[in-house]
Amino acid sequence: CAARIILKNTFRSLAGRDFRLYFLGQCVSLIGTWVQQVAFGWIAYRVTGSAFMLGLVAFSGQIPSLVLSPFSGALAERFSRRGVLVVIQVVQMALAALLAVLVLRGDISVWVLVVSSLVLGVTSAIEMPVRQALTPDLVHERALLHNAIALNSVTFNAARLIGPAVAGFVLASFGEAACFAINAVSYVATIYTLLAIHPTPPVSGAGKKSLAEGVRYLRQLPPARWVIITVIVASFCLAPYLTFMPVYAKDVLKGGPDTLGML
């Protein structure tokens with residue numbers, strides 16, 4: 001009985017139809033995203049054999065977040081969050097399908113990967129704040145909001161664990177094109193759920209001050225400021241290990257894509 005109560009409380013925000021659909025769609029799509037991300041690094045190093053070019057591909061995918069994310073929060077307040085996410089998902093799905101075709105035909109090059117990584121970086125920089133802002137619009141009972149936010153975090157980190165393992169198996173068994181194809185198909189789940197939900201419209205005009213208010217909030221609240229600093233330091237220290245994992249898997253450990261997935 002105690003275990004049943006704990007389980008029920010853990011997933012209580014899934015009782016709402018809109019958040020439940022959105023949550024399930026994210027579970028599928030995020031795993032596909034990590035499958036593609038692992039394949040991206042593997043194919044970049046396989047094609048070039050250069051750790052520098054591998055770093056350049058990763059840089060192209062991350063620099064847009066640094067530049068655009070602060071403004072994307074304001075975008076989330078000015079436009080339909082669901083509409084913005086649908087457009088972004090369609091663009092990312094089309095790019096994943098294109099990469100699958102190019103890899104299958106053997107037409108992939110490092111510059112295709114750099115440009116693709118840049119496009120994914122720009123769309124992801126816009127998507128992340130909008131995605132996070134959408135969650136309160138889907139939880140119609142305010143008492144369940146904290147639980148929904150926690151489940152979103154669990155979904156992301158579970159996908160971070162499952163996705164690379166799946167990528168290693170798919171890379172070793174079916175090849176690189178299959179990873180991009182899987183990601184392209186996974187977007188169908190997210191697009192369907194986004195079209196099926198009915199989020200609460202955001203308050204009109206609230207976004208005009210959102211960026212300035214965010215900066216002011218960090219200045220006035222030290223705990224929030226220290227959270228941001230902690231994330232910056234952790235990301236700066238950990239990102240190189242994740243970026244250069246294909247080098248360790250291939251050259252140091254003399255392994256293949258299955259080794260990369262395990263790492």
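Throughout, residue positions are numbered sequentially from 1 according to the sequence presented.
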Are [X] and [Y] joined in one hydrophobic group, where the rule is that I, L, V, M, F, W and Y side chains link up if heavy atoms are under 4.5 Å apart?
{"X": "Leu118", "Y": "Val114", "result": "no"}
{"X": "Phe180", "Y": "Val119", "result": "yes"}
{"X": "Val90", "Y": "Leu85", "result": "yes"}
{"X": "Phe156", "Y": "Leu161", "result": "no"}
{"X": "Val84", "Y": "Leu68", "result": "yes"}

Exercise for the section: Mind jotting down which residue pairs meet the salt bridge (Lys or Arg N to Asp or Glu O under 4.0 Å) criterion with at least one end in residues 171-193? Sequence neighbours excluded, please. Expected result: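 Listed once each, the pairs are Arg46-Glu176.
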Exercise for the section: Name all pairs fulfilling the salt bridge (Lys or Arg N to Asp or Glu O under 4.0 Å) condition that reach into residues 56-68, sequence neighbours left out, sorted by first residue then second. Expected result: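 Residue pairs with at least one partner in residues 56-68: there are none.
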Report the distance from atom [atom1] of [X] to atom [atom2] of [Y], rounding to the nearest 0.5 Å.
{"X": "Leu138", "Y": "Arg20", "atom1": "CG", "atom2": "CZ", "answer": "12.0 Å"}
{"X": "Leu104", "Y": "Leu99", "atom1": "CG", "atom2": "CG", "answer": "12.0 Å"}
{"X": "Ile43", "Y": "Leu102", "atom1": "CD1", "atom2": "CG", "answer": "9.5 Å"}
{"X": "Ile191", "Y": "Gln92", "atom1": "CD1", "atom2": "CD", "answer": "9.5 Å"}
{"X": "Met128", "Y": "Ile88", "atom1": "CE", "atom2": "CD1", "answer": "10.5 Å"}
{"X": "Leu120", "Y": "Glu127", "atom1": "CG", "atom2": "CD", "answer": "10.0 Å"}

So, do [X] and [Y] sit near enough that their side-chain heavy atoms are less than 4.5 Å apart?
{"X": "Phe244", "Y": "Tyr45", "result": "no"}
{"X": "Leu95", "Y": "Ser116", "result": "yes"}
{"X": "Leu54", "Y": "Thr48", "result": "no"}
{"X": "Trp111", "Y": "Met53", "result": "yes"}
{"X": "Val35", "Y": "Phe40", "result": "no"}
{"X": "Ile31", "Y": "Val28", "result": "no"}
{"X": "Lys250", "Y": "Trp42", "result": "yes"}
{"X": "Leu171", "Y": "Cys179", "result": "yes"}

Considering all heavy atoms of both residues, which atom of [X] and which atom of [Y] are nearest to each other, and what is their separation?
{"X": "Val139", "Y": "Ala148", "answer": "CG2-CB, 3.4 Å"}
{"X": "Val247", "Y": "Ala51", "answer": "CG2-CB, 4.3 Å"}
{"X": "Ala181", "Y": "Ala100", "answer": "N-CB, 3.8 Å"}
{"X": "Ala97", "Y": "Ala184", "answer": "N-CB, 3.8 Å"}
{"X": "Gln220", "Y": "Arg225", "answer": "N-NH1, 4.5 Å"}
{"X": "Pro164", "Y": "Ala159", "answer": "CD-O, 3.7 Å"}

Any donor-acceptor N/O pair, [X] side chain to [Y] backbone, under 3.5 Å:
{"X": "Arg160", "Y": "Trp34", "answer": "no"}
{"X": "Ser235", "Y": "Ile232", "answer": "no"}
{"X": "Asn183", "Y": "Gln36", "answer": "no"}
{"X": "Ser29", "Y": "Gly25", "answer": "no"}
{"X": "Arg82", "Y": "Pro199", "answer": "no"}
{"X": "Ser117", "Y": "Gly61", "answer": "yes"}
{"X": "Arg81", "Y": "Leu134", "answer": "no"}
{"X": "Thr193", "Y": "Thr190", "answer": "yes"}

Handout entry: side chain to side chain donor-acceptor pair (under 3.5 Å) partners of Asp258, counting only residues at least two apart
Key =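 By the side chain to side chain donor-acceptor pair (under 3.5 Å) rule, Asp258 matches no residue at all.
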Practice task
Carefully, step by step, assess Tyr248 and Leu260 under the rule side-chain contact (heavy atoms from CB on, under 4.5 Å).
Solution key: CA-CA 8 Å; Tyr248 284 93; Leu260 176 62; over 6 Å; no
Handout entry: Heavy-atom neighbours of Phe59 CZ exceed 12 at 6.0 Å
Key =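 Open: at most 12 neighbouring heavy atoms sit under 6.0 Å from CZ of Phe59.
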Exercise for the section: Determine, step by step, whether Ile149 and Asn152 satisfy the side-chain contact (heavy atoms from CB on, under 4.5 Å) criterion, reporting the C-alpha distance in whole Å, the side-chain angles of both residues, the deciding distance to 0.1 Å, and the verdict. Expected result: CA-CA 5 Å; Ile149 293 173; Asn152 265 343; 5.6 Å; no
